[in-house]
Amino acid sequence: MELASNYDPKKIEDKWYRKWEEEKAFHADADSPKEPFTIVIPPPNITGKLHMGHALDETLQDILIRWRRMQGYNALWVPGTDHAAISTEVRVTNTLKEQGIDKREIGREAFLEKVWEWKEEYGGAITEQLRKLGTSCDWDRERFTMDEGCSKAVEKVFLDLYKKGYIYRGKRIINWCPTCKTSLSDAEVEHEDQAGHFWHIRYPIVGTDDAVEIATTRPETMLGDTAIAVHPDDERYKDLVGKTVILPLVNKEIPVVADEYVDMEFGTGVVKITPAHDPNDFEVGQRHDLEVINILNDDATINENGGKYAGMDRYEARKAIVEDLEAGGYLVKVQEHLHAVGTHDRCKTTVEPMVKEQWFVRMDELAKPAIEAIEKGELTFVPERFNKVYLRWLYNIHDWCISRQIWWGHRIPAYYCDECGEIVVSSEKPGKCPKCGCEHLTQDEDTLDTWFSSALWPFSTLGWPEDTKDLRTFYPTSVLVTGYDIIFFWVVRMVFSGYEHTGKSPFHTVLIHGLVRDSLGRKMSKSLGNGIDPLEVIDKYGADALRLTLVTGNAPGNDMRYYDERVEASRNFANKMWNASRFILMNLDGAELERPDDADLLPADKWIMSAANTVARDMTENMDKYELGIAVQKVHDFVWDEFCDWYIEIAKYRIYNRENDPKGAAAALWVLRDTLAKALKLMHPFMPFVTEEIYSVLTGGEDLLMLADWPVYDEALSWPEEEEWMGKVKEMVRGIRNVRSEMDVPPSKKTGILIETSDEDLAGCIDLIKESILPLARATKISRIADGDKTENMVPVVSSGITAYLPLAELVDLDKERERLTKEKERLEKELARSAAMLSNEKFLSKAPEAKVREEKEKQIHYQEMMEQVKKQLENL
RNA sequence: GGGAGCGUAGCUCAGCCGGGAGAGCGUCCGCCUCACACGCGGGAGGUCACGGGUUCGAGCCCCGUCGCGCCCACCA
């Protein structure tokens, strides 16, 4: 079979994905006796388009899933999408607006119909994009957070938590987004430092001519002030407590209260209290039984409580109030001030704290098992430092505001009696009010926070609350893979939900990855327009290249930068494997091969087989520890540096000499094919497409690589002596190349070589060198192994215990040679000095492990031998 | 204010258990060698931020300093 000299991913990627799906290779069987290994996908938003963050997240998951599947686990990767409540609602609202349709006008039912239509049309796009990446998800089990099963789970959880008293409705201060016109949870608010002002205002003290100075960053909120506060221990204001002050502009008398919350050191030590629009003030208000005056409409304009400022936007009002304060002589001074402003993470609007009636989840009890999960070792993050991040959030957790004033989402299963206002939480609309018997009840208009349903994802997708076979088999899941940016939103909530509803942690390990940044280290964002589209990268370089790039050289939890050159390097590696296989295939020429007897294997064969064996063991250990970057580096280096650069070159000698030695050629080909097949298995989880393609051509079989067995360490394939010898061969060959290169010996000049050793133990190694040097003729330009004695005009190439002599004297520039040898001598002197220092150190000899000391002694002898050689050569020049 | 990171070759980053500093890209030199120029061979390039400490031995462990971003937080 003829293969093109350059690998073209476009020709094969889609083909293999189809084949895998046709063969049901991604499907997991709940009846399988194999040990399960489960991952549920962090569901991408239906509004979303595949971005680099997804690409990284999915790549890591797919690597784990494919690897475990090959290891013989019953591997299940559950895919699905998230309805993304606010994002989707905003998106569809805007789309409708462009068509001249107003959401309020068409009403809730019609709007939801539009959203479902939109979901059907665009919601599938992201899963198609996941397929392009090669994700081996079990698409038969694809779920959606608002599908029937997930909705049922949501409803049951709401009812259960309500019954237990964990869900309650209350009038409390919440974060309000004036753009989206909905309440938000704490997690959805991002704090960013903004340059603002600190206005110092005089509040006249009633009954005196005096006034008290107050500093504020939000003067407009004074319309809702119902007190001012000082610290109870503050001597400066001791006499003030209990008095009243005049609220400027509003001209209302408000009390002065003493409260520990006030920081005496900050500002003037006096705080205006606006219970309706500040979380702290709200609590102070509760303690002192203060009136709560809401001064804002839902769009953050001032409401009727704002007097003459009513109708103004909050910032307009701020400006007007500051002007009026100044005009009235109340403004003392204005300072520049940097302060943290809360913004809605979706739309970046500055949120406004407001008192509203909302639904909350009480978190104190629920958080406990989630905290203990870490302490008991039932849950851990990789890397471990994220345990702390997770715990700190749980220790400081607030009650979770779960109601949202939008339409798209799970509607809250609560009904209000039109007559008496009784609340009934129920899966179905009650026929009549249990309190007053009234038959008119109205369902709560609100929907649930989108994270309420994603919190249940690990078990709702497996069938919970039904006791399904999937749930019994695959739950709890094995690993969750996600970015550190989503720990609070999602991971925390899944864990406490898992414990509360299933009694178990939903997974035992959370593999955390960082962000994919642009080449300048900036976050990829729509507004910056610096996002790289993974699909374009796949189109240009192939999915395998993108995957390899995303996993190479990246440690868990660390951010990485994306740039094309890295993908090019990955693409080049795919091409390297492609060409290695091409070499084997064109020489194999359809021949059937039997495994040669060990006796027919040359040391080089044993070396590469032994090395492959070692790599399989080492990288599996890395994979076990989620060190995917290190693991892939090992197989990459093995394929390129050992297999391609050394073994193939060595094997060529026998292959091109097949006429004289058919058996040798067959043995070499067998080892080539066997070793490449093994390397393809090891590389498959990282680069599924190209490896599957090559494997299928190479084995000519029906079996899919993705379902092949993961290589395990085999004692029978371990040949440490040959591995050691090969190290010497490389050293020798490099030495020869080095001499030729440094001496500017023309590449066309071929020579013979004489090899000798005084060490009998290295006799086998000499044979290996002889058998390897000739095959490496193209690089070393060695045309024959010379017999007989060395002569004076030969250039020696020294390595450990063995010397090679090249008859190059006439070609060599003596000055250059002297320079080279002097350099070598200096290097050896340095090494010898280091070694001598260590070995003359009593403490090293007594305290270091014996093996280390022995190793150092051997090195010293080795260096001394080489030094002798070098000195002799220098004298001979 | 608190927390956890990062600082290693020109650039981007690895470095597992403490035991002679690595990769990719770039650069320089030589090669279109019959798998691959998306390649082959050879080279240059590092005070592992800085200062202490522990240790026979520190890029790695401990303490401190400087620099850089990050997360959390109700000082108005």
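Order of the sequence lines sets the chain letters (A, B, ...), proteins ahead of strands, with each chain counted from 1. Bear in mind that the values here come from a model prediction, so they are computed numbers and not experimental data.
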Heavy atoms only, 4.0 Å cut-off, all strands: where does [X] land among base, sugar-phosphate and nothing?
X	result
N738(A)	sugar-phosphate
P849(A)	base
A569(A)	sugar-phosphate

Taking the same atom, [atom1], in [N] and in [M], what whole-Å distance lies between them?
N	M	atom1	result
G51(B)	C60(B)	P	13 Å
G52(B)	C66(B)	C1'	15 Å
G41(B)	C32(B)	P	15 Å
C6(B)	G59(B)	C1'	14 Å
G39(B)	C34(B)	C1'	14 Å
G15(B)	C56(B)	P	28 Å

If pairing requires Watson-Crick or G-U wobble contacts with both distances under 3.5 Å, which nucleotide is the partner of [N]?
N	value
G24(B)	C11(B)
G1(B)	C72(B)
U54(B)	none

Between [N] and [X], is there an OP1 or OP2 to side-chain N/O distance shorter than 4.0 Å?
X	N	value
K388(A)	A4(B)	yes
K576(A)	C40(B)	yes
W640(A)	C40(B)	yes
Y656(A)	U33(B)	no

Among [options], the one nearest [X] by side-chain distance:
X	options	result
N572(A)	G39(B), A44(B), C56(B)	G39(B)
R571(A)	G43(B), C25(B), C38(B)	C38(B)
R737(A)	G19(B), G41(B), G39(B)	G41(B)

Nucleotide [N], atom [atom2] - distance to [atom1] of [X] in whole Å:
X	N	atom1	atom2	answer
Y562(A)	C25(B)	OH	C1'	14 Å
E384(A)	G3(B)	CD	C1'	17 Å
F643(A)	C36(B)	CZ	P	16 Å
K847(A)	G19(B)	NZ	P	18 Å
L676(A)	A35(B)	CG	C1'	11 Å
K730(A)	G42(B)	NZ	P	12 Å
I736(A)	C40(B)	CD1	P	20 Å
Y647(A)	A35(B)	OH	P	16 Å

Given the side-chain rings of F198(A) and H200(A), with only the six-membered ring counted for Trp, is the space between their centroids under 6.0 Å? yes
Can [X] and [Y] be counted as an ion pair, charged N to O under 4.0 angstrom?
X	Y	result
R236(A)	D234(A)	yes
E855(A)	K859(A)	yes
K730(A)	E642(A)	yes
E352(A)	R218(A)	yes
D399(A)	R172(A)	yes
E829(A)	R834(A)	no
E731(A)	R734(A)	no
R287(A)	D259(A)	yes

Going 5' to 3' along nucleotides 67-76 of chain B, which nucleotides have protein heavy atoms under 4.0 Å from the base (write B), which only from the sugar-phosphate (write S), and which from neither (write -)? ----SSSBBB
5' precedence on RNA chain B between L845(A) and D641(A) (nearest-nucleotide basis):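 Final value for this comparison: D641(A).
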For N579(A) and Y7(A), find the nucleotide of RNA chain B closest to each by heavy atoms; which residue's nucleotide sits nearer the 5' end?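 Taking each residue's closest nucleotide, the earlier one in sequence belongs to N579(A).
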For nucleotides 7-16 of chain B, print each protein N/O atom paired with a nucleotide N/O atom at under 3.5 Å, atom names and distance only.
unit_1 : atom_1 : unit_2  : atom_2 : d
U12(B) : O4'    : Y563(A) : OH     : 3.2
U12(B) : O3'    : R561(A) : NE     : 3.2
U12(B) : O2'    : Y563(A) : OH     : 3.4
C13(B) : OP1    : R561(A) : NE     : 2.8
C13(B) : O2'    : G553(A) : O      : 2.8
A14(B) : OP1    : N558(A) : ND2    : 3.0
A14(B) : O5'    : G553(A) : O      : 3.4
C16(B) : O2'    : K625(A) : NZ     : 2.9

Pair R582(A), N579(A) - check side chain to side chain donor-acceptor pair (under 3.5 Å), show working. CA-CA 5 Å; R582(A) 216 159 63 91; N579(A) 275 292; 2.9 Å; yes
Worked check of side chain to side chain donor-acceptor pair (under 3.5 Å) between S835(A) and K857(A): CA-CA 8 Å; S835(A) 192; K857(A) 282 179 179 164; over 6 Å; no
Kindly assign one of parallel, tilted or perpendicular to the pair W578(A) and Y7(A), based on the angle between their ring planes and the thresholds 30° and 60°. tilted
